[in-house]
Peer 1: 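Dropping the structure in here first, questions after.
The figures here come from the full heavy-atom set of this structure, side chains too, leaving out hydrogens, waters and symmetry mates. All chains are named by letter (A, B, ...) in the order of the sequence lines, taking the proteins before the strands, and each is independently numbered beginning at 1. Every value quoted in this text rests on a predicted model; they were computed, and no experiment measured them.
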Protein chains: 2
Amino acid sequence: MELIKSLEWRYASKKMNGQKVPQQKIDNILTAIQLTPSSMGLQPYTVLVINDPDLKKRIQPVAYNQSQIVDSSHLLVFAAWADITPGQVEEYIQHTAEARKTPVEGLNDFKNSLLGIILKNDTEQNYQWAARQTYIAFGTAIAAAAEERVDATPMEGFDAAALDKLLGLNEKGLRSVTLLPLGYRDTENDWLANLPKVRRQKEKLFIVQ
Amino acid sequence: MELIKSLEWRYASKKMNGQKVPQQKIDNILTAIQLTPSSMGLQPYTVLVINDPDLKKRIQPVAYNQSQIVDSSHLLVFAAWADITPGQVEEYIQHTAEARKTPVEGLNDFKNSLLGIILKNDTEQNYQWAARQTYIAFGTAIAAAAEERVDATPMEGFDAAALDKLLGLNEKGLRSVTLLPLGYRDTENDWLANLPKVRRQKEKLFIVQ
């Protein structure tokens, strides 16, 4: 399977070389993110695609000065919706009706079940649900980058509140969840580049019954 | 990109036909899960691979009687570690040292940073962190199934506490997070099989800057 080869090729590059990733490859990674499934199909997140070197430089200190932030070609910021509102559900239902060329009234049961979930949950619960969905897209992005032989370093280690402030995410109803610098490994200066991949043994990771 | 074609092909099958998925395809999907990255490389989850028709029948009622549970070939249960313990960190560090043929003492700084995180967090926080990692593997499994042209229906809709009890997951230090029936679509009887995919428009899903 192509995906297995890609996942074997990839690793979390600790040192990137600053080389730009061609726009077509970035577009393909974004298309894969767009196609990622999510609970109820809501896709309750936004992905920032940061290309601007100055902005990356300002982000670096809130991400423990990790060098890949500035040595990447593009930095993806996966930001979950800070809440899920009836207005967002309404927009999704409208969009579904248009995409499927179906009367919006036919989606009333679906809409009501979605509204039932988000109104039963408080803001923090809705955010946590949205954040979990974000990780599915995060996983797809990592796989898609690997298929394009683009390096990507999944990062949870950053000051999310500080990054939200820097990027004005609160005003957009978003909260940053993960980072994914995209670029190319600097093989000579990356201590991790040539180390064997470590993964739990199948007999521990899986229970077959 | 092969992955984009696969993601376009897939959808969340609402009705499966009971046909078995060849073992080689199941093995490939499990290998892709195994290769999935996770925070600090810990892979804090276990995936149950359920083949037994009787067990699937007993699971169906706690998953709102969704038909794919019994009409699937295999049912994957993604279960996160209910806590992350120093013992689990120790095992991971030992395994890393063996896989990289390096003295375990050389990993002391890494071990201490991992212990710092899990001891600062309480049980629920460690579980939530583990659950988020589970979603990365869940996303990879969905993509891998699609690459094998195996249908998969991502599910969050089930009674997790009841499933944990049924499968004895508490005793194993696990909590169920998501389900993924693997099988083949029953195109004629699946209302979703021929509807267009709905995804947020790129100009809404992404902010480029």
Side-chain angles (χ1 to χ4, degrees), chain A residues 1-4 6-8 10-12 28 30-37 39 41 43 45-52 55 92 95-96 99-101 128 131-140 142-144 147-148 154 156 172 195-202 204-209, chain B residues 1-4 6-8 10-12 28 30-37 39 41 43 45-52 55 92 95-96 99-101 128 131-140 142-144 147-148 154 156 172 195-202 204-209:
Chain A
M1 199 201 304
E2 191 57 37
L3 181 59
I4 290 177
S6 299
L7 291 172
E8 279 168 346
R10 72 158 297 283
Y11 76 113
N28 285 346
L30 300 186
T31 299
I33 293 171
Q34 184 191 27
L35 288 168
T36 300
S39 190
Q43 299 176 279
Y45 44 77
T46 296
V47 180
L48 288 88
V49 185
I50 299 176
N51 200 356
D52 175 7
L55 184 53
Y92 169 49
H95 176 52
T96 302
R100 294 198 169 145
K101 300 183 181 32
Q128 292 293 346
R132 286 179 170 204
Q133 307 310 313
T134 305
Y135 276 77
I136 309 178
F138 187 53
T140 307
I142 294 165
E147 287 234 336
E148 292 287 3
E156 284 183 327
K172 295 186 171 82
L195 288 183
K197 193 184 287 301
V198 179
R199 288 295 185 271
R200 290 179 72 205
Q201 304 91 323
K202 277 191 166 177
K204 295 194 176 176
L205 189 56
F206 301 107
I207 298 175
V208 179
Q209 60 190 136
Chain B
M1 200 202 303
E2 190 57 37
L3 180 60
I4 290 176
S6 299
L7 291 172
E8 279 168 347
R10 71 158 297 284
Y11 75 114
N28 284 345
L30 300 187
T31 299
I33 293 171
Q34 184 190 26
L35 288 168
T36 299
S39 190
Q43 300 176 278
Y45 44 78
T46 295
V47 181
L48 288 87
V49 184
I50 298 176
N51 201 357
D52 174 8
L55 184 53
Y92 169 49
H95 176 51
T96 301
R100 294 199 169 143
K101 300 181 181 31
Q128 291 293 346
R132 287 180 170 205
Q133 307 310 313
T134 304
Y135 276 78
I136 309 178
F138 187 52
T140 306
I142 295 165
E147 286 233 338
E148 291 287 4
E156 284 183 329
K172 295 186 172 81
L195 288 183
K197 193 183 288 301
V198 179
R199 288 295 185 270
R200 290 180 71 205
Q201 304 91 325
K202 277 193 167 178
K204 296 193 176 176
L205 189 56
F206 301 108
I207 297 175
V208 179
Q209 60 191 137

Peer 1: How many angstroms lie between atom CD of Gln34(B) and atom CG of Leu205(A), to the nearest 0.5 angstrom?
Peer 2: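 Taking CD in Gln34(B) and CG in Leu205(A), the distance rounds to 6.5 Å.
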Peer 1: Please classify the contact of Phe206(A) with chain B as side chain, backbone, both or neither, using a heavy-atom distance under 4.5 Å.
Peer 2: both
Peer 1: With rounding to the nearest 0.5 Å, note down the distance linking CD1 in Ile136(B) to OG1 in Thr140(A).
Peer 2: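 With rounding to 0.5 Å, CD1 (Ile136(B)) is 10.5 Å from OG1 (Thr140(A)).
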Peer 1: Under 4.5 Å heavy-atom distance to chain B, tell me which part of Gln209(A) shows up: side chain, backbone, both or neither.
Peer 2: both
Peer 1: Does a donor on one side chain sit under 3.5 Å from an acceptor on the other, for Lys202(B) and Thr31(A)?
Peer 2: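 Looking only at side-chain atoms, Thr31(A) and Lys202(B) do form a donor-acceptor pair, the distance falling under 3.5 Å.
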Peer 1: Less than 4.5 Å apart, any side-chain heavy atom of Lys172(A) and any of Ile207(B)?
Peer 2: yes
Peer 1: Residues in side-chain hydrogen bond (donor to acceptor under 3.5 Å, both in side chains) with Tyr45(A), at least two apart?
Peer 2: none
Peer 1: Taking side chain as everything from C-beta outward and backbone as N, CA, C, O, which of these in Ile142(A) sits under 4.5 Å from a heavy atom of chain B? Side chain, backbone, both or neither.
Peer 2: side chain
Peer 1: Within this structure, what is the CG-CG distance for the pair Leu35(A) and Leu3(B), rounded to the nearest 0.5 Å?
Peer 2: 8.5 Å
Peer 1: Hey, what do you get for OH (Tyr92(A)) to CZ (Arg200(B)), rounding to the nearest 0.5 Å?
Peer 2: 11.0 Å
Peer 1: To the nearest 0.5 Å, tell me how far Glu147(B) CD sits from Ile4(A) CD1.
Peer 2: 9.0 Å
Peer 1: At a heavy-atom separation under 4.5 Å, does Lys101(B) approach chain A through its side chain, its backbone, both, or neither?
Peer 2: neither
Peer 1: Pair Arg199(B), His95(A) - check side chain to side chain contact (heavy atoms under 4.5 Å, CB included), show working.
Peer 2: CA-CA 9 Å; Arg199(B) 288 295 185 270; His95(A) 176 52; 5.8 Å; no
Peer 1: Does any non-hydrogen side-chain atom of Met1(B) lie less than 4.5 Å from one of Glu2(A)?
Peer 2: no
Peer 1: For chain A, which candidate among Glu8(B), Glu148(B), Gln43(B) shows the most heavy-atom pairs at distances under 4.5 Å?
Peer 2: Gln43(B)
Peer 1: With the side chain counted from C-beta on, respond yes when Lys197(B) and Pro37(A) share a heavy-atom pair under 4.5 Å apart, and no when they do not.
Peer 2: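 Lys197(B) does not reach Pro37(A) side chain to side chain.
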Peer 1: Measure Glu156(B) against the heavy atoms of chain A and call it side chain, backbone, both or neither at under 4.5 Å.
Peer 2: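 Looking at Glu156(B), just its side chain touches chain A.
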Peer 1: State whether the side chain of Arg132(A) and the backbone N or O of Ala131(B) hold a donor-acceptor pair below 3.5 Å, judged by distance alone.
Peer 2: no
Peer 1: Report the option among Thr134(A), Leu195(A), Asn51(A), Ile33(A) that has the most heavy-atom pairs separated by less than 4.5 Å from atoms of chain B.
Peer 2: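 So the answer, after comparing Thr134(A), Leu195(A), Asn51(A), Ile33(A), is Leu195(A).
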Peer 1: Go through Gly139(B), Ala144(B), Pro154(B) and name the one with the most non-hydrogen pairs under 4.5 angstrom from chain A.
Peer 2: Ala144(B)
Peer 1: Write down the atom of Pro196(B), the atom of Ala99(A), and the distance for their closest heavy-atom approach.
Peer 2: CG-O, 3.7 Å
Peer 1: Going by the rule side-chain hydrogen bond (donor to acceptor under 3.5 Å, both in side chains), which residues pair with Thr96(A) if we only count those two or more places apart in sequence or in a different chain?
Peer 2: none
Peer 1: Do you know which of Leu7(A), Val208(A), Leu30(A) has the most heavy-atom pairs under 4.5 Å to chain B?
Peer 2: Leu30(A)
Peer 1: What part of Gln201(B) gets closer than 4.5 Å to chain A, counting heavy atoms only: side chain, backbone, both or neither?
Peer 2: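 Both parts, backbone and side chain.
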Peer 1: Does any heavy atom of chain B fall under 4.5 Å from the side chain of Leu55(A), the backbone, both, or neither of them?
Peer 2: side chain
